[in-house]
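Below is one structure, written out as structure tokens; the observations come after it.
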Amino acid sequence: MNRILRRLKPETPTTDPLLLRHLTISPISSGSPPPPLPKTDDPSLVSKVATLLEATHPNDWTTNAHLRHLLFPPAPSPVPTPLSLLRITRRLPTTAAALNFYEYIATTSPSPPDPQFLSSIFQAIFEIASREQQPDAKLDEILAMSKRLNIPLTVNSAILLVKSFGEAGMVDKSLLVYNELDQDRRNTHVRNAVVGILLKSGRVDDALHLLDEMLESGAKFRPNKKTMDVVFSALKKGTWVGRKLSAEEIVGLVSRFRENGLPLSKFLLGQLVMKLCRIGSSNRAWELLHEIMKLGSNHVDVGSCNALLTCLSREQEFEKINIILKEMKENNVQPNVVTFGILINHYCKFRRMDDALEVFKNIKEGSDGISVRPDVIIFNTLIDGLCKVGRLREALDLMDQMRLEHGCMPSSVTYNCLIDGFCKAGEIDRGHELFDRMKEEGIMPNVITLNTLVDGMCKNGMISSATEFFNEMQEKGLKGNAVTYTALINAFCNANNIDKAMNLFDEMSKSGCIPDVRAYFTLVFGLCQAGRVDDASFIASMAKKAGFGLDTICYNALIGGFCRKGKMDRAYEMLKNMEQDGVKPDTVTYNILISYFSKAGDFETAHRLMKKMINDGFVPTVVTYGALLNSFCLVGNLDEGMKIFRDMSSTSRVPPNTVIYNILIDSLCKNQKVDVALSLMDDMKTKGVRPNTTTFNAMFKGLCEKNLLEIALKYMDQMTEEACDPDYITMEILTDWLSSVGKIEKLRSFVQGYRVSDSTAESALLNGKLGS
DNA sequence: GTAGGGTTAG
């Protein structure tokens with residue numbers, strides 16, 4: 001003991017006595033009742049002794065008559081109870097002081113002290129030690145000491161030790177404490193602690209074994225509510241190290257708990273289902289709910305079903321959703337407004353608006369025997385869904401309907417959805433009209449309203465109006481947030497006004513808006529796009545400092561940017577950073593590098609990278625081949641280009657797309673191989689690859705040079721037929737050529753076809769439909 | 001239930 005005292009004594013006591021006091025009087029574990037005690041307990045004794053101990057140096061305790069009188073009063077005065085001693089010891093500041101006190105009691109007691117006394121003192125010592133530095137080593141030493149002194153652990157000591165060791169990862173030590181504990185002290189509280197530790201550390205089988213013991217008929221220590229809590233909260237946390245409890249095991253426990261008078265509440269089942277869903281174990285949630293259903297329909301409520309339905313909707317499990325709905329019916333679980341909300345939302349997400357409206361119609365009419373009053377959430381979901389598919393008229397009608405037929409007031413969400421719908425359709429004015437109307441109706445616009453309008457204006461080329469509107473709103477007290485700034489930053493980047501974008505980024509922080517990931521990355525991408533990669537990498541490093549680690553896409557943008565600038569050293573630096581951050585390169589990363597090296601004429605490195613790419617488990621894509629192909633064509637190596645093209649369609653099974661054909665056709669035409677280019681045009685038709693404006697432009701250039709007018713006229717018709725819009729390059733080539741050969745009329749009708757191309761396409765579609 | 005960003009080949 002002296003060894004321990006020597007080790008513990010030099011330590012300074014905790015600096016904050018107030019905190020210490022607060023901590024020391026709090027019980028160590030909830031729900032653990034203190035051992036039964038004689039009634040001779042005097043609460044004033046505790047403070048008297050504690051004050052005395054505090055005021056006296058430990059060396060003088062033995063000689064202090066007052067202290068001795070208080071603790072060992074002469075008969076027949078009542079002696080302090082173990083609880084009093086526990087409380088006195090708890091008031092001592094350090095483990096060292098507490099051990100001193102133990103020594104004082106052990107040596108000063110006139111008669112051999114009651115073992116219960118000593119156990120209580122040790123409980124307090126454990127409590128103090130658990131709050132000091134390096135608690136586990138200290139607890140271990142004090143435990144060894146109590147064993148040597150033959151002082152049995154109290155139940156609370158055991159719980160404290162089990163938890164402390166367990167949480168420090170020393171599960172075997174926890175078990176040892178439990179196994180060495182007196183049989184009659186291994187009560188439900190201690191067992192709960194052990195079960196909790198075992199589950200947390202992934203020793204599921206040990207935990208189940210112990211639970212079995214508790215659940216056995218005739219067991220002395222039965223499980224209680226806390227046992228259920230321990231088991232199910234461990235399950236909810238989902239931080240399993242070892243194997244997972246299967247749904248059957250969970251259900252087995254649930255039913256055995258119930259046999260012990262501990263039914264799983266419907267609420268807890270719902271929580272469990274939700275938790276399992278959230279951690280991505282929807283299969284286990286599914287199994288759990290079904291196992292519980294098997295126990296009888298009255299154990300499942302609509303909340304649990306809704307939890308699972310939400311999850312199934314997110315995971316696009318259409319069939320399973322229908323099964324649950326059917327089972328709800330069979331088990332007489334009444335769907336509620338939330339259930340229908342989930343269903344409607346599900347259909348809306350997949351743009352199946354007619355199905356969503358069908359559900360809506362059914363609940364209104366109660367055609368399934370269930371009528372539910374649709375609430376504002378149902379309406380908003382539908383209105384948003386309609387807006388997202390461009391059915392704006394119906395969305396507006398539905399708002400009227402909710403107001404007039406259902407007495408349901410629209411909310412700011414209702415208006416936000418509608419405003420977004422109109423903005424996305426390019427009808428900014430209608431968006432503003434709705435904005436005014438909502439204010440007239442007394443519905444306050446919020447920051448989402450502001451952002452919707454600002455973004456709508458930005459996306460429709462009204463950047464300065466958007467900025468004005470934003471400023472105006474700010475003055476009126478509607479503050480923007482990171483989203484507002486991001487919309488504007490993005491718009492200015494797209495308008496190639498990088499400086500303004502940078503200024504806004506500054507302004508954002510100054511106005512108290514903390515930039516988030518999207519704000520940072522928007523600027524990073526904008527800067528990369530504008531070729532200002534150094535600035536981009538500076539902003540990226542700011543993002544990192546702010547705690548937003550760059551992802552693969554962000555790194556790709558930077559690497560691509562540096563490659564385009566020919567700054568290979570910086571590109572390598574980025575690759576290195578990427579590796580250090582543990583961010584994995586993907587196909588795009590490889591494509592960027594392959595493109596760079598092949599463009600630089602270093603086909604050897606490009607091929608090496610392609611091999612590495614395959615070794616890393618990636619499959620070269622059409623972009624990979626396109627990068628190589630383009631470079632071969634650029635250096636005039638058309639044979640190699642055609643070889644890649646043939647490889648793609650045969651061995652590597654990457655079907656060429658329009659871009660691939662464009663590269664080849666362009667190159668062939670430029671190299672006076674118009675005939676081969678023409679055969680590729682036929683090939684596209686056979687393979688069903690649609691030519692686009694670039695394809696035709698390349699072809700026209702080649703045909704013009706060879707003066708193959710008839711073929712060019714044919715392709716002009718094809719463009720019109722396929723609603724492929726000519727651009728200024730097309731017009732440049734054709735205007736010169738056709739006017740020089742007197743085909744002005746043809747040119748005019750071609751342009752007209754272009755102007756009415758939309759309706760042409762529409763009628764063509766319509767005719768096709770009618771004809772089939 | 002409502003708002004913002006994104007990488008590679010022509």
Side-chain angles (χ1 to χ4, degrees), chain A residues 338 341-342 344-345 348-349 375-385 387-388 410-421 423-424 445-456 458-459 480-491 493-494 515-526 528-529 536 543 550-561 563-564 585-596 598-599 620-634 644 656-667 692-695 697-698:
Chain A
V338 178
I342 295 165
I344 290 175
N345 186 22
C348 288
K349 246 189 310 199
D375 61 2
V376 65
I377 294 184
I378 300 266
F379 281 109
N380 289 346
T381 310
L382 284 166
I383 288 171
D384 186 50
C387 286
K388 292 241 154 73
S411 66
S412 55
V413 177
T414 322
Y415 274 102
N416 290 346
C417 296
L418 284 162
I419 292 172
D420 191 50
C423 285
K424 292 259 154 67
N446 57 19
V447 69
I448 297 183
T449 325
L450 168 69
N451 293 342
T452 305
L453 277 164
V454 166
D455 190 56
C458 285
K459 296 261 159 70
N481 61 13
V483 179
T484 333
Y485 282 100
T486 307
L488 288 166
I489 289 170
N490 190 41
C493 285
N494 287 333
D516 59 11
V517 206
R518 286 174 155 199
Y520 277 108
F521 286 8
T522 300
L523 192 53
V524 170
F525 294 125
C528 284
Q529 211 82 56
L550 310 189
D551 59 8
T552 304
I553 295 179
C554 206
Y555 270 118
N556 286 346
L558 287 160
I559 293 166
C563 282
R564 273 194 297 274
D586 63 0
T587 313
V588 176
T589 322
Y590 278 106
N591 287 346
I592 291 167
L593 295 170
I594 289 167
S595 162
Y596 171 80
S598 52
K599 247 186 215 145
T621 65
V622 67
V623 180
T624 321
Y625 291 109
L628 286 166
L629 180 71
N630 183 47
S631 299
F632 279 119
C633 288
L634 277 176
I644 290 175
N657 61 11
T658 310
V659 177
I660 298 291
Y661 280 102
N662 289 352
I663 298 168
L664 276 170
I665 288 169
D666 185 60
S667 189
N692 60 19
T693 313
T694 315
T695 326
N697 288 350

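Letters go in sequence order (proteins before strands), and every chain restarts at 1. Everything quoted here is computed from the prediction, not taken from an experiment.
- Nearest to the side chain of A:T486, among B:dG10, B:dA3, B:dG5, sits B:dG5.
- Under the 3.5 Å distance criterion, the side-chain polar atoms of A:N657 are matched with a main-chain donor or acceptor of A:I660.
- Within the 4.0 Å cut-off from OP1 or OP2 of B:dG5, at least one side-chain nitrogen or oxygen of A:K459 is found.
- As judged by a 4.0 angstrom heavy-atom cut-off over every strand, A:T694 is placed among the base-contacting residues.
- Closest contact between the side chain of A:N556 and the listed nucleotides B:dT2, B:dA9, B:dT7 involves B:dT7.
- Per the geometry, CG belonging to A:D551 stands 11 Å off P belonging to B:dT7, to the nearest Å.
- Taking the side chain to side chain contact (heavy atoms under 4.5 Å, CB included) definition, one finds that A:T449 meets it with A:N416, A:I419, A:F435, A:M438, A:P445, A:N446, sequence neighbours left out.
- In this model, the phosphate group of B:dA3 is not approached by any side-chain N or O of A:R518 to a distance below 4.0 Å at OP1 or OP2.
- A:N692 comes within 4.0 angstrom of a nucleotide base, judged by non-hydrogen atoms across all strands.
- Residues that satisfy the side chain to side chain contact (heavy atoms under 4.5 Å, CB included) test with A:T589, not counting sequence neighbours, are A:T552, A:N556, A:I559, A:L575, A:M578, A:P585, A:D586.
- Without hydrogens or angle criteria, A:D455 side chain to A:C458 main chain gives no donor-acceptor distance under 3.5 Å.
- Rounded to a whole Å, the CG atom of A:D455 is 6 Å from the P atom of B:dG5.
- When the P atom of B:dG6 is taken as reference, atom CG of A:N494 falls 7 Å away, rounded to whole Å.
- A donor and an acceptor atom sit less than 3.5 Å apart, one in the side chain of A:D516 and one in the base of B:dG4.
- Note on A:S598: nothing from the nucleic acid sits closer than 4.0 angstrom, heavy atoms only.
- For the pair A:N416 CG and B:dT2 C1', the interatomic distance rounds to 5 Å; values are reported in whole Å.
- The phosphate of B:dT2 (OP1 or OP2) has no side-chain N or O of A:K424 nearer than 4.0 angstrom.
- In this structure, A:S631 and A:K599 approach most closely via the heavy-atom pair OG-N, 3.2 Å.
- Within 4.0 Å of A:N657, counting heavy atoms only, lies at least one base atom of the nucleic acid.
- When rounded to the nearest whole Å, the span between CG of A:N490 and P of B:dA3 equals 16 Å.
- Across all strands, A:V454 comes closer than 4.0 Å to no nucleic acid atom at all (heavy-atom distances).
- Closest approach to the A:N481 side chain among B:dT7, B:dT8, B:dA3 is made by B:dA3 (side chain taken as heavy atoms from C-beta onward).
- In the set B:dG4, B:dT2, B:dG6, B:dG6 carries the atom at the smallest distance from any side-chain atom of A:F521.
- Atom CG of A:L629 and atom P of B:dT8 are 19 Å apart (whole Å).
- Looking at heavy-atom distances under 4.0 Å, A:V376 makes contact with a base.
- With B:dT8, B:dT7, B:dG10 as the candidates, the nucleotide lying closest to the side chain of A:N630 is B:dG10.
- A:I592 and A:G560 make their closest contact through CG2-CA, 3.6 Å (heavy atoms, listed as atom of the first residue, atom of the second, distance).
- Using a 4.0 Å heavy-atom cutoff across all strands shown, A:K599 reaches sugar-phosphate atoms only and no base atom.
- Looking at heavy-atom distances under 4.0 Å, A:A698 makes no contact with the nucleic acid at all.
- The listed nucleotides are B:dT2, B:dT7, B:dG10; the one nearest the side chain of A:F525 is B:dT7.
- Side-chain proximity of A:I592 to B:dG6, B:dA3, B:dT8: nearest is B:dT8.
- Rounded to whole Å, atom P of B:dT7 lies 21 Å from atom OH of A:Y520.
- Between the CG atom of A:L523 and the C1' atom of B:dG4 there is a distance of 14 Å, given to the nearest Å.
- Within the nucleic acid shown, A:N662 comes within 4.0 Å of at least one base atom, counting heavy atoms only.
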Start with the C-alpha gap between A:N662 and A:N692, add the side-chain angles, then the distance that decides, and say whether side-chain hydrogen bond (donor to acceptor under 3.5 Å, both in side chains) holds.
CA-CA 9 Å; A:N662 289 352; A:N692 60 19; 3.2 Å; yes
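- For A:K388, whose side chain is taken as the heavy atoms from C-beta onward, the closest listed nucleotide among B:dT8, B:dG4, B:dA3 is B:dA3.
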